[in-house]
Protein chains: 2
Amino acid sequence: MTKKEKFYTENQERVAAYAKALSHPARVFIMNYLSSNLDKCCYSGDMATELPIARSTLSEHLKELKKAGLIQGEINPPYIKYCINKESWDEAKHIFESFFK
Amino acid sequence: MTKKEKFYTENQERVAAYAKALSHPARVFIMNYLSSNLDKCCYSGDMATELPIARSTLSEHLKELKKAGLIQGEINPPYIKYCINKESWDEAKHIFESFFK
DNA sequence: CATTTGTTTCGTATTTTTACGAAATACTAA
DNA sequence: TTAGTATTTCGTAAAAATACGAAACAAATG
């Protein structure tokens, strides 16, 4: 197989991207935390008190999850309210379902 | 939250570990390839002809998947026959199901 | 025994991830 | 305007992931 611009399917890329977002236990923790109730939202500080990592590190993990689309943050100064992005969460769910099917 | 020996739950660690194994499109490709038929097996060389990566790189990806338990390799010289590890595959499936539930 | 074959390991380099504390930001309240 | 609060970005460092080709391996065959 010779090199190609875009080899993997859109679907394979998507599985990999969501999987990467979930590849760190802190991020799994965050998603567990937020998905316990899909309407639940929380502030970065809420989770900071529950996680054994620096606030800045938590912020980077939130950024990763946001980048993957799994969460969204609504600015509500001086807080930022985070919650699940239901569309992406659903897409991820379906993508993994069909992946394991 | 102060530092702790083991903070995350067993389940969170497991989701993260499986997700990490699936966080590269080449590995997703491999799992797609093998899971198209759960009894399907294949040789490293079979996939090498279908993937745009060096054989040694493919070998490392296979090692990652083996480490995560998702596949197993049966030595059948000079070939090594790879196939899904059904137990782990099933566990991963269930773990993701309950994660997204 | 020397070759061939399929595969992995090794040496190496580059990139990415993870992590922290300090500083910056952005808004509110005094 | 100054101080305070919640959070992120920056600078930096260390560790892990990705990738390649060359060399090593292990077994079968000539």
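Computed from heavy atoms alone, side chains included, the values below leave out hydrogens, waters and symmetry copies. Remember, it's a predicted structure, so these values are computed and weren't measured experimentally. Per chain, numbering begins at 1; letters A, B, ... match sequence-line order.
Between A:Gln12 and B:Asn32 the shortest side-chain heavy-atom distance falls below 4.5 Å. A heavy-atom distance below 4.5 Å is found between the side chains of B:Leu70 and B:Leu65. Residues B:Tyr82 and B:Gln72 fail the side-chain proximity criterion, which asks for heavy atoms closer than 4.5 Å.
The ring of B:Phe96 has its center no closer than 6.0 angstrom to the ring center of A:Phe99.
End-to-end axis angle of the helix from C:dC1-D:dG30 to C:dA30-D:dT1, from C1' rotation axes over five pairs per end: 0° (rounded to 10 degrees).
Under the 30°/60° scheme for interplanar angles, the aromatic rings of B:Trp89 and A:Phe100 are found to be tilted.
Here the side chain of B:Arg27 pairs no donor or acceptor atom with the backbone of B:Leu22 at under 3.5 angstrom. For B:Asp46 (side chain) and B:Tyr43 (main-chain N/O), a donor-acceptor pair under 3.5 Å exists by modelled atom type.
Rounded to a whole Å, the CD1 atom of B:Ile53 is 12 Å from the P atom of D:dG21.
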**Request:** Assess whether salt bridge (Lys or Arg N to Asp or Glu O under 4.0 Å) is satisfied between B:Arg14 and B:Glu91, documenting all intermediate values.
**Result:** CA-CA 10 Å; B:Arg14 241 177 277 184; B:Glu91 185 194 50; 2.9 Å; yes

**Under 4.0 Å protein heavy-atom contact, by nucleotide of nucleotides 5-18 of chain D - B base, S sugar-phosphate only** = BSSBBB------SS

